[in-house]
Visitor: 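One structure is given below, represented as structure tokens, and several questions about it will come after.
Lettering follows sequence order; numbering is per chain, from 1.
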Amino acid sequence: MARLKIKEILKSGKAGDEVVAKGWVRTKRGSKNVNFIALNDGSTIHNLQIVVDVESFDEALIREINTGASLAVTGTLVESAGSGQNIELNAKEIELLGKADPEKFPIQPKKHSLEFLRENAHLRFRTNTFGAVFRIRHAMAFAIHKYFNEKGFNYLHTPIITASDAEGAGQMFRVSTLDAKNPPLTEEGTIDYSQDFFGRPTNLTVSGQLEGELGALALGEIYTFGPTFRAENSNTTRHLAEFWMIEPEMAFYDLKDNMDLAEEFLKSCIKYALDNCMDDLKFLADRLEQEEKNKPQDQRSMPLIEKLQFVLDNDFIRLTYTEAIDILKNSKPYKKNQFQFPVEWGIDLQSEHERYLVEKHFKCPVILTDYPKDIKAFYMKQNDDNKTVRAMDVLFPQIGEIIGGSQREEDLVKLETRMNEMNIPVDEMWWYLDTRRFGSVVHSGFGLGFERFILFVTGMGNIRDVIAFPRTPKNAEF
RNA sequence: UCCCUAGUAGCUCAGUUGGUUAGAGCGGCGGACUGUUAAUCCGUAGGUCGUAGGUUCAAGUCCUACCUGGGGAGCCA
């Protein structure tokens with residue numbers, strides 16, 4: 001008899017069907033004559049209820065069916081006599097696949113704190129919350145590939161190890177096979193990287209963008225979707241040292257095309273979640289609602305599913321940095337001196353400013369464009385005003401910046417001039433500049449932080465709870 | 001990295017202005033119960049109070065340093 005997944009059994013199983021189900025015990029309860037086992041195999045958030053007639057099984061076996069143990073159950077599906085489920089499995093045969101010592105198994109059939117589960121990240125998949133989060137995470141990864149594939153984009157694998165440190169996107173992790181205790185030295189006493197594996201200093205990538213541009217300026221549209229590493233000492237609910245990023249790069253796209261793509265892309269993925277992950281979303285929404293009950297009324301956010309639907313139904317507000325500064329200067333908190341940081345044209349917007357725009361003023365996702373060139377990267381397309389660049393940041397409620405992107409500077413002279421101004425080594429970047437030397441075209445791209453997006457879709461509050469094994473300062477367990 | 005905050009039983013927490021033998025709920029274990037839904041009821045075991053120093057007749061409680069977690073900020077995705 002073939003094993004059926006619990007999702008399949010609950011969806012199309014009929015009373016009288018003989019089936020085999022395999023999974024892990026969530027709870028066991030019952031009385032002298034009958035026991036009920038909630039069995040979960042990860043295929044769905046819902047459990048299959050196994051009904052055990054105590055008299056027909058070995059007492060020792062039943063004693064070992066504890067929370068966390070794995071079972072193979074053969075039996076007949078019947079309509080449930082109890083409420084709470086339509087169908088349940090009457091056990092004929094139970095095989096204990098793997099025991100779980102109830103005194104040692106850390107996941108109990110009760111509510112655990114997210115902090116505790118983070119310390120047990122190897123077992124937290126076995127909870128409803130993390131089951132839901134990781135099924136949704138998978139669905140979103142799939143939705144991203146589906147979206148770009150249908151749009152004719154090519155999935156480009158840009159390198160994880162890079163020798164370029166010119167990207168300016170943050171501190172990098174060094175990659176080396178040199179002896180850390182006794183590295184070979186040059187005559188000047190510095191580390192001799194010519195003896196290192198690559199014959200030069202190398203690091204883990206902080207962005208695939210520059211290589212992505214090379215691909216786009218031949219293939220037309222590409223996207224990357226891979227791990228990204230930042231050695232920043234960031235300790236927040238929105239930062240990881242190792243995270244996943246999606247970076248589309250498109251030839252012949254100007255900033256407006258770029259914004260249109262970003263908005264359509266985000267909406268398409270959110271729609272996929274609503275269409276395909278409703279069971280998990282409902283669970284997370286309920287969980288969130290319980291948590292929100294402890295908060296004062298005015299601090300509560302929109303229910304999860306409503307929030308996703310809202311983003312889907314409304315156009316993102318688009319405005320320039322300069323317009324945003326004007327709005328901030330005319331805002332109540334500015335006039336009442338409630339902002340901690342100054343608001344002045346030329347400053348980088350602080351989270352409090354972004355949050356005001358998104359959560360208070362517009363109450364809607366916002367795309368800010370045309371930032372001062374001095375607070376943005378060298379590769380961004382310079383505007384004619386000589387003050388701003390064609391940058392765009394997509395700001396989401398609670399998350400803040402979820403996408404950062406720009407139209408890229410395609411003019412060789414302007415780009416080189418800017419690189420010199422910003423002390424970017426032009427020589428080392430010969431390969432990047434070659435795209436501007438040979439058949440340069442208008443092009444654009446952006447980066448989406450995958451985990452930040454998952455935060456938004458799942459309503460989770462800490463980025464460490466939407467990646468399986470988070471890497472953060474002082475933490476690389478598992 | 002900075003600011004705030006916390007660390008007491010397997011988990012979530014209480015522990016009074018410093019004062020005898022450190023408490024509860026949940027979980028575990030034993031028992032009861034004819035179908036339960038985080039079952040219920042009765043009973044029971046379980047603690048070097050984050051670590052190291054200090055103040056004091058006396059420290060879970062006060063002080064200092066360090067470690068770890070959480071929240072916020074910066075950096076950014």
Side-chain angles (χ1 to χ4, degrees), chain A residues 26-38 46-55 63 66-68 78-85 88 90 100-120 127-128 167-171 206-209 224-225 227-247 262 290 340-341 348-352 354-355 375-377 393-396 399-405 446-456 461-467 472-475 477:
Chain A
R26 286 295 176 79
T27 60
K28 183 183 70 173
R29 54 182 172 263
S31 56
K32 194 160 74 179
N33 301 323
V34 62
N35 269 246
F36 303 94
I37 301 164
H46 300 297
N47 302 323
L48 177 64
Q49 174 152 288
I50 311 293
V51 184
V52 183
D53 176 19
V54 174
E55 282 186 1
R63 206 178 308 124
N66 303 116
T67 300
V78 294
E79 280 182 35
S80 181
S83 58
Q85 60 281 315
E88 61 193 16
N90 257 337
D101 184 340
E103 290 197 350
K104 292 188 181 135
F105 184 63
I107 311 295
Q108 301 162 0
K110 58 168 279 188
K111 192 174 156 56
H112 288 290
S113 68
L114 293 173
E115 291 82 9
F116 172 75
L117 292 170
R118 219 171 283 151
E119 285 168 15
N120 291 280
T127 64
N128 287 332
E167 287 150 14
Q171 285 291 113
V206 291
S207 164
Q209 180 200 319
T224 73
F225 187 170
T228 309
F229 307 88
R230 306 257 168 107
E232 303 285 350
N233 191 9
S234 295
N235 291 287
T236 78
T237 53
R238 306 180 304 282
H239 288 86
L240 292 164
E242 177 184 285
F243 64 100
W244 289 67
M245 190 155 63
I246 297 98
E247 295 181 290
Q290 294 300 318
Q340 211 186 325
F341 292 89
D348 211 349
L349 294 180
Q350 306 291 322
S351 337
E352 61 176 355
E354 294 180 350
R355 224 177 300 132
I375 57 171
K376 287 293 182 184
D393 282 1
V394 180
L395 309 178
F396 262 34
I399 316 291
E401 185 181 342
I402 198 166
I403 279 181
F446 61 81
L448 169 75
F450 186 51
E451 283 79 13
R452 287 194 183 171
F453 181 61
I454 303 301
L455 273 184
F456 182 77
N462 193 317
I463 201 160
R464 291 159 201 177
D465 295 330
V466 296
I467 188 166
T472 53
K474 301 274 184 292
N475 181 13
E477 191 65 71

Visitor: A:Glu247: which residues meet the salt bridge (Lys or Arg N to Asp or Glu O under 4.0 Å) condition with it, sequence neighbours left out?
Guide: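 Residues passing salt bridge (Lys or Arg N to Asp or Glu O under 4.0 Å) with A:Glu247: none at all.
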Visitor: What's the CD1-C1' distance between A:Ile107 and B:rG10, to the nearest Å?
Guide: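 Taking CD1 of A:Ile107 and C1' of B:rG10, I get 11 Å after rounding.
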Visitor: Classify A:Phe243 by what it touches in the nucleic acid, base, sugar-phosphate, or nothing, heavy-atom distance under 4.0 Å.
Guide: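 Answer is base: heavy atoms of A:Phe243 come under 4.0 Å of a base.
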Visitor: To the nearest Å, how far apart are A:Phe116 CZ and B:rC13 C1'?
Guide: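 Computing the A:Phe116:CZ to B:rC13:C1' distance gives 15 Å.
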Visitor: Give every pair of a protein N or O atom and an N or O atom of nucleotides 27-31 of chain B that lie under 3.5 Å apart, one pair per line with the distance.
Guide:
{"residue": "B:rG28", "atom": "O2'", "partner": "A:Glu103", "partner atom": "OE2", "Å": "3.1"}

Visitor: Determine the contact category for A:Ile399: base if any of its heavy atoms lies under 4.0 Å from a base atom, sugar-phosphate if only primed atoms, P, OP1 or OP2 are that close, otherwise nothing.
Guide: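 The residue A:Ile399 makes no contact with any strand.
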Visitor: Can you find a heavy atom in the side chain of A:Asn235 that is under 4.5 Å from one in the side chain of A:Thr472?
Guide: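 No, too far: nothing below the 4.5 Å cut-off.
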Visitor: Give the rounded distance in Å between these two atoms: CG of A:Leu395 and P of B:rA77.
Guide: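 Rounding to the nearest Å, CG of A:Leu395 and P of B:rA77 are 12 Å apart.
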Visitor: Ignoring hydrogens, what is the shortest heavy-atom contact between A:Val206 and A:Phe229? Give both atom names and the distance.
Guide: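 For A:Val206 and A:Phe229, the tightest heavy-atom pair comes out as CG1-O, 3.0 Å.
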Visitor: Expressed in whole Å, how much space separates the P atoms belonging to B:rG47 and B:rU55?
Guide: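 Roughly 31 Å separates the two P atoms.
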Visitor: State which residues pass ring pair (Phe, Tyr, Trp, His ring centres under 6.0 Å) with A:Phe450; sequence neighbours excluded, sorted by chain then number.
Guide: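 Ring pair (Phe, Tyr, Trp, His ring centres under 6.0 Å) list for A:Phe450, sorted by chain: A:Phe225.
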Visitor: Are any protein N/O atoms closer than 3.5 Å to N/O atoms in nucleotides 65-67 of chain B? If there are, list each pair with its distance.
Guide:
none

Visitor: When you compare B:rC4 with B:rC13, how far apart are their P atoms, in angstrom units rounded to a whole number?
Guide: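 The same atom, P, in both gives a distance of 23 Å.
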Visitor: What are the two closest non-hydrogen atoms of A:Phe36 and A:Gln49, and how far apart are they?
Guide: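 Where A:Phe36 meets A:Gln49 most closely, the heavy atoms are CD2-NE2, 3.5 Å.
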Visitor: What's the shortest heavy-atom distance between A:Glu451 and A:Phe243, and which atoms?
Guide: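 Closest pair (atom of A:Glu451, atom of A:Phe243, distance): OE1-CB, 3.4 Å.
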Visitor: Considering only heavy atoms from C-beta outward, does the side chain of A:Lys110 approach that of A:Thr67 to under 4.5 Å?
Guide: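 Not touching, per the 4.5 Å side-chain cut-off.
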Visitor: Once you round it to whole Å, what is the distance between C1' of B:rA38 and CG of A:Asn47?
Guide: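 For the pair A:Asn47 CG and B:rA38 C1', the rounded distance is 11 Å.
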Visitor: For A:Lys28, which residues count as a salt bridge (Lys or Arg N to Asp or Glu O under 4.0 Å) partner, sequence neighbours excluded?
Guide: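 Once residues adjacent in sequence are excluded, A:Lys28 has no partner under the salt bridge (Lys or Arg N to Asp or Glu O under 4.0 Å) criterion.
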Visitor: Between A:Trp244 and A:Thr472, name the one whose nearest nucleotide on RNA chain B is closer to the 5' end.
Guide: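 Upstream on the strand: A:Thr472.
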Visitor: Would you tabulate the nitrogen or oxygen pairs shorter than 3.5 Å linking the protein to nucleotides 70-73 of chain B?
Guide:
{"residue": "B:rG70", "atom": "OP1", "partner": "A:Arg118", "partner atom": "NH1", "Å": "2.3"}
{"residue": "B:rG70", "atom": "OP1", "partner": "A:Arg464", "partner atom": "NH1", "Å": "3.2"}
{"residue": "B:rG70", "atom": "OP2", "partner": "A:Arg464", "partner atom": "NH1", "Å": "2.9"}
{"residue": "B:rG71", "atom": "OP1", "partner": "A:Asn462", "partner atom": "ND2", "Å": "3.3"}
{"residue": "B:rG71", "atom": "OP2", "partner": "A:Asn462", "partner atom": "ND2", "Å": "3.4"}
{"residue": "B:rA73", "atom": "OP1", "partner": "A:Arg355", "partner atom": "NH2", "Å": "2.4"}
{"residue": "B:rA73", "atom": "N6", "partner": "A:Asn235", "partner atom": "O", "Å": "3.4"}

Visitor: Between the side chain of A:Glu242 and the main-chain N/O of A:Pro227, is any donor-acceptor distance below 3.5 Å?
Guide: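 No; zero donor-acceptor contacts below 3.5 Å.
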Visitor: Considering only heavy atoms and no angle criterion, is a donor-acceptor pair shorter than 3.5 Å present between the side chain of A:His112 and the base of B:rC11?
Guide: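 Under the 3.5 Å cut-off, the side chain and the base do not form any donor-acceptor pair.
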Visitor: Grab the two heavy atoms, one from A:Asn47 and one from A:Arg26, that are nearest each other, plus how far apart they are.
Guide: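 Closest approach of A:Asn47 to A:Arg26, heavy atoms only: OD1-CG, 3.9 Å.
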Visitor: In whole Å, I'd like the distance from the CG atom of A:Asn35 to the P atom of B:rA32.
Guide: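 To the nearest whole Å, that distance equals 13 Å.
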Visitor: Tell me, do A:Leu117 and A:Ile107 make a side-chain contact under 4.5 Å, heavy atoms counted?
Guide: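 A side-chain contact under 4.5 Å exists here.
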Visitor: Would you name the heavy atoms of A:Glu401 and A:Gly404 that are closest together and state the gap between them?
Guide: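 Distance-wise, the nearest heavy atoms are OE2-CA, 3.6 Å.
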Visitor: Rounding to the closest angstrom, what is the interatomic distance between B:rA45 and B:rG30 at atom C1'?
Guide: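 My reading of the C1' atoms in B:rA45 and B:rG30 gives 10 Å.
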Visitor: Base, sugar-phosphate alone, or nothing: which one does A:Ile402 contact when heavy atoms must sit under 4.0 Å apart?
Guide: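 It contacts sugar-phosphate atoms only.
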Visitor: Could you go over nucleotides 33-36 of chain B and give all protein N or O partners under 3.5 Å, atom names and distances?
Guide:
{"residue": "B:rC33", "atom": "OP2", "partner": "A:Lys32", "partner atom": "NZ", "Å": "3.2"}
{"residue": "B:rU34", "atom": "O4'", "partner": "A:Asn33", "partner atom": "ND2", "Å": "3.2"}
{"residue": "B:rG35", "atom": "OP1", "partner": "A:Ser31", "partner atom": "OG", "Å": "2.6"}
{"residue": "B:rG35", "atom": "N1", "partner": "A:Glu88", "partner atom": "OE2", "Å": "2.7"}
{"residue": "B:rG35", "atom": "N2", "partner": "A:Gly82", "partner atom": "N", "Å": "3.4"}
{"residue": "B:rG35", "atom": "N2", "partner": "A:Glu88", "partner atom": "OE1", "Å": "2.6"}
{"residue": "B:rG35", "atom": "N2", "partner": "A:Glu88", "partner atom": "OE2", "Å": "2.7"}
{"residue": "B:rU36", "atom": "O2'", "partner": "A:Arg29", "partner atom": "NE", "Å": "3.3"}
{"residue": "B:rU36", "atom": "O2", "partner": "A:Arg29", "partner atom": "NE", "Å": "2.7"}
{"residue": "B:rU36", "atom": "O2", "partner": "A:Arg29", "partner atom": "NH2", "Å": "3.4"}
{"residue": "B:rU36", "atom": "N3", "partner": "A:Gln49", "partner atom": "OE1", "Å": "3.0"}
{"residue": "B:rU36", "atom": "N3", "partner": "A:Gln49", "partner atom": "NE2", "Å": "2.8"}
{"residue": "B:rU36", "atom": "O4", "partner": "A:Gln49", "partner atom": "NE2", "Å": "2.5"}
{"residue": "B:rU36", "atom": "O4", "partner": "A:Gln85", "partner atom": "NE2", "Å": "3.2"}

Visitor: What pairs with A:His239 under ring pair (Phe, Tyr, Trp, His ring centres under 6.0 Å), at least two apart in sequence or on another chain?
Guide: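 Testing A:His239 for ring pair (Phe, Tyr, Trp, His ring centres under 6.0 Å), a comparison that skips the adjacent residues, returns none.
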Visitor: Pick the P atom in B:rG71 and in B:rU12, then give their distance to the nearest Å.
Guide: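 The answer is 15 Å between these two P atoms.
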Visitor: Can you tell me, in whole Å, how much space there is between the P of B:rU56 and that of B:rU68?
Guide: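 My reading of the P atoms in B:rU56 and B:rU68 gives 32 Å.
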Visitor: Say you pick atom P in B:rG69 and the same atom in B:rA24; how far apart are they, in whole Å?
Guide: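 To the nearest whole Å, 31 Å.
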Visitor: Return the set of residues passing salt bridge (Lys or Arg N to Asp or Glu O under 4.0 Å) with A:Asp465 (not counting sequence neighbours), or none when no residue passes.
Guide: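 Expected list: A:Arg118, A:Arg124.
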Visitor: Distance between the C1' atoms of B:rC49 and B:rA14, in whole angstroms?
Guide: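 Those two atoms are separated by 13 Å.
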Visitor: Are side-chain heavy atoms of A:Gln350 and A:Gln340 found at a separation under 4.5 Å?
Guide: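 The answer is no, as the side chains (C-beta and beyond) never meet within the 4.5 Å cut-off.
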Visitor: Starting at atom CD of A:Glu451, determine the distance to atom P of B:rA77, rounded to an integer number of angstrom.
Guide: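 One finds 14 Å between P of B:rA77 and CD of A:Glu451, rounded.
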Visitor: Any chance you could list the contact pattern along nucleotides 41-48 of chain B? Use B for base contacts, S for sugar-phosphate-only contacts and - for none, protein heavy atoms under 4.0 Å, 5' to 3'.
Guide: --------
Visitor: Measure the distance from CG on A:Asn128 to P on B:rA38 and round it to the nearest whole Å.
Guide: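 My rounded result for the distance is 10 Å.
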Visitor: Please give the distance between the P atoms of B:rG60 and B:rG23 as a whole number of Å.
Guide: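 Here B:rG60 and B:rG23 have their P atoms 14 Å from each other.
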Visitor: Give the rounded distance in Å between these two atoms: CD of A:Glu354 and P of B:rC76.
Guide: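 That distance rounds to 11 Å.
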Visitor: Could you report the tightest heavy-atom contact between A:Leu455 and A:Thr237, atom names first, then the distance?
Guide: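 Taking every non-hydrogen atom into account, CD1-O, 4.0 Å.
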Visitor: Evaluate the side-chain proximity of A:Asn33 to A:Val54: yes if any heavy-atom separation is below 4.5 Å, no if none is.
Guide: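 The answer is no, as the side chains (C-beta and beyond) never meet within the 4.5 Å cut-off.
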Visitor: Verify, without hydrogens or angle tests, whether A:Gln171 (side chain) and A:Glu232 (backbone) share a donor-acceptor contact under 3.5 angstrom.
Guide: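 No, because the side chain of A:Gln171 does not come within donor-acceptor range (under 3.5 Å) of the backbone of A:Glu232.
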Visitor: Can you name the residues that form a salt bridge (Lys or Arg N to Asp or Glu O under 4.0 Å) with A:Arg452, not counting sequence neighbours?
Guide: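 With neighbours one apart ignored, the set is empty.
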Visitor: Donor-acceptor check, side chain of A:Thr236 to backbone of A:Arg238, threshold 3.5 angstrom: yes or no?
Guide: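 At least one qualifying donor-acceptor pair exists.
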Visitor: Mind pulling the stems RNA chain B is in, i.e. runs of at least three Watson-Crick or G-U pairs, everything under 3.5 Å?
Guide: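 Detected stem regions: B:1-7 with B:67-73, B:10-13 with B:23-26, B:28-32 with B:40-44, B:50-54 with B:62-66.
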